[in-house]
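Since we're looking at a predicted model, the values are computed, not measured.
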Amino acid sequence: MVRAGLTTERLVRAGAELADEVGFEQATVSALARRFDVKAASLYSHLRNSEDLKTRIALLALEEMADLAADALAGRSGKDALGAFADVYRDYARAHPGRYTAARYPLDPETAAASAGPRHAQLTRAILRGYDLPEPDQTHAVRLLGSVFHGYVSLEAAGGFAHSAPDSQESWTRVVDALDSLLRNWPTR
C-alpha cells in the first residue's frame with residue numbers, strides 16, 4: 001500500500017534536503033525512510049533503490065542550477081555574464097552542498113543527455129560568444145571554466161582557503177578577472 005502523501009517528487013526533494021544536511025553519500029532510501037518514519041520497503045513503489053534516489057537528486061540539482069544560471073545571465077554579456085555565471089555555482093554550493101555534490105554524480109549517457117547538463121554547456125557557450133572564440137577553442141574554454149569554477153568551489157568548501165589572507169571572496173573576484181582577461185586574449189596556435 002502506498003503511504004498517503006508520499007510521491008516520487010516529494011521523496012526526491014526530501015532526499016535533496018537530506019543530502020544538504022548530512023552529505024550526498026548519506027542520502028539513501030533507508031535514511032529517507034527514517035525521515036518519514038516509514039519502512040524502506042514502502043518507498044520502493046517510488047524509488048528503485050538508493051542509486052535511483054541519487055540519480056534523481058543529481059537531476060534535480062542540475063535543473064536548479066541551470067535555471068539559476070539562465071536567470072543570472074539574462075541581459076548580461078562579457079565579464080558581467082562570466083561573473084554572474086560563476087557566482088551561481090559558488091552560491092549554490094554554499095546553499096546546497098549536498099545537491100552541489102550530486103550535480104557531479106556520474107550519469108549514464110542517456111540520462112545525462114536528457115538532463116539539464118547540456119543546458120549548462122549551452123549557457124557557458126552563450127557567455128563565450130561574447131569573447132568570439134571559434135571551435136575547438138570554445139570547447140577548451142568551456143572545460144577550463146568548468147574546471148576552475150568547480151575546483152575553486154570544492155577547495156573552498158573543504159576549508160582550503162580559510163587559513164590565510166586575503167579572504168576567499170577577494171581571490172574569487174581576482175579569478176573571475178583573470179578568466180575574463182584570458183578569454184579576451186585567448187592564445188592562438
Side-chain angles (χ1 to χ4, degrees), residues 1-74 84-125 142-143 145-163 168-169 172:
M1 182 169 178
V2 177
R3 188 166 177 104
L6 291 183
T7 64
T8 303
E9 181 180 345
R10 183 170 179 219
L11 291 171
V12 171
R13 291 210 171 270
E17 291 168 11
L18 183 64
D20 288 339
E21 293 167 15
V22 300
F24 180 61
E25 288 306 314
Q26 284 68 45
T28 63
V29 171
S30 297
L32 201 54
R34 285 190 296 278
R35 176 163 281 207
F36 284 99
D37 195 28
V38 298
K39 295 195 183 299
S42 66
L43 302 185
Y44 290 122
S45 61
H46 301 288
L47 300 164
R48 289 188 307 276
N49 51 38
S50 291
E51 293 301 311
D52 183 36
L53 174 63
K54 289 181 185 320
T55 296
R56 290 172 186 269
I57 294 170
L59 295 172
L60 173 67
L62 288 167
E63 188 74 33
E64 287 176 342
M65 284 196 301
D67 290 346
L68 290 168
D71 289 345
L73 291 177
F85 188 72
D87 287 345
V88 164
Y89 285 92
R90 187 172 182 228
D91 294 347
Y92 190 84
R94 287 174 162 179
H96 303 290
R99 291 181 219 198
Y100 184 78
T101 299
R104 295 185 316 276
Y105 187 67
L107 302 173
D108 67 74
E110 186 176 313
T111 302
S115 76
R119 280 182 61 205
H120 290 265
Q122 291 168 347
L123 292 165
T124 307
R125 288 178 187 280
V142 168
R143 292 172 180 167
L145 294 177
S147 298
V148 171
F149 298 157
H150 292 300
Y152 193 98
V153 167
S154 296
L155 289 169
E156 184 178 48
F161 306 133
H163 60 279
S168 185
Q169 179 58 45
W172 180 251

Between the main-chain N or O of [Y] and the side-chain N or O of [X], is there a donor-acceptor pair closer than 3.5 Å?
| X | Y | result |
| --- | --- | --- |
| Ser154 | Gly151 | no |
| His46 | Leu6 | yes |
| Ser147 | Arg143 | yes |

- [ ] Kindly indicate, with the supporting measurements, whether the criterion side chain to side chain contact (heavy atoms under 4.5 Å, CB included) is fulfilled by Tyr44 and Lys39.
- [x] CA-CA 10 Å; Tyr44 290 122; Lys39 295 195 183 299; over 6 Å; no
In the structure I gave you, are the side-chain heavy atoms of [X] and [Y] within less than 4.5 Å of one another anywhere?
| X | Y | answer |
| --- | --- | --- |
| Glu25 | Lys54 | yes |
| His150 | Tyr100 | yes |
| Ser42 | Ser45 | no |
| Gln169 | Arg90 | yes |
| Arg56 | Thr8 | yes |
| Arg119 | Gln122 | yes |
| Val29 | Leu11 | no |

Task: Pair Tyr152-Ser168, side-chain donor/acceptor within less than 3.5 Å - done: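 Yes, Ser168 and Tyr152 have a side-chain donor paired with an acceptor closer than 3.5 Å.
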Task: Donor-acceptor pair between Thr55 and Asp52 side chains, under 3.5 angstrom - done: no
Return the minimal non-hydrogen interatomic distance between [X] and [Y], and the atom names on each side.
| X | Y | value |
| --- | --- | --- |
| Ala116 | Ala66 | CB-CB, 4.0 Å |
| Ala69 | Leu123 | CB-CD1, 3.7 Å |
| Ala72 | Ala84 | O-CB, 3.8 Å |

TODO: Starting from the C-alpha separation in whole Å, work towards a yes-or-no answer on side chain to side chain contact (heavy atoms under 4.5 Å, CB included) for Leu59 and Leu107.
DONE: CA-CA 9 Å; Leu59 295 172; Leu107 302 173; 4.0 Å; yes
Task: Arg35 and Glu21 ion-paired at < 4.0 Å - done: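 So Arg35 pairs with Glu21 through a salt bridge.
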Open item on the list: Salt bridge or not between Glu17 and Arg10? Use side-chain N to carboxylate O under 4.0 Å.
Closed with: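 So Glu17 does not pair with Arg10 through a salt bridge.
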Can you tell me how far the [atom1] atom of [X] sits from the [atom2] atom of [Y], to the nearest 0.5 Å?
| X | Y | atom1 | atom2 | result |
| --- | --- | --- | --- | --- |
| Leu47 | Thr28 | CG | OG1 | 11.0 Å |
| Leu53 | Leu43 | CG | CG | 9.0 Å |
| Leu155 | Phe161 | CG | CZ | 4.5 Å |
| Arg99 | Ile57 | CZ | CD1 | 8.5 Å |
| Leu32 | Ser50 | CG | OG | 9.0 Å |
| Glu63 | Leu68 | CD | CG | 10.5 Å |

TODO: Give a yes or no on this: more than 12 heavy atoms of other residues, nucleotides or ligands lie within 6.0 Å of atom CZ of Arg104.
DONE: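 Yes, the 6.0 Å shell around CZ holds more than 12 heavy atoms from other groups.
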Task: Distance flag, aromatic centroids of Phe24 and His96, threshold under 6.0 Å - done: no
- [ ] Quick one: sort the Trp172 and Phe149 rings into parallel, tilted or perpendicular, breaks at 30° and 60°.
- [x] tilted
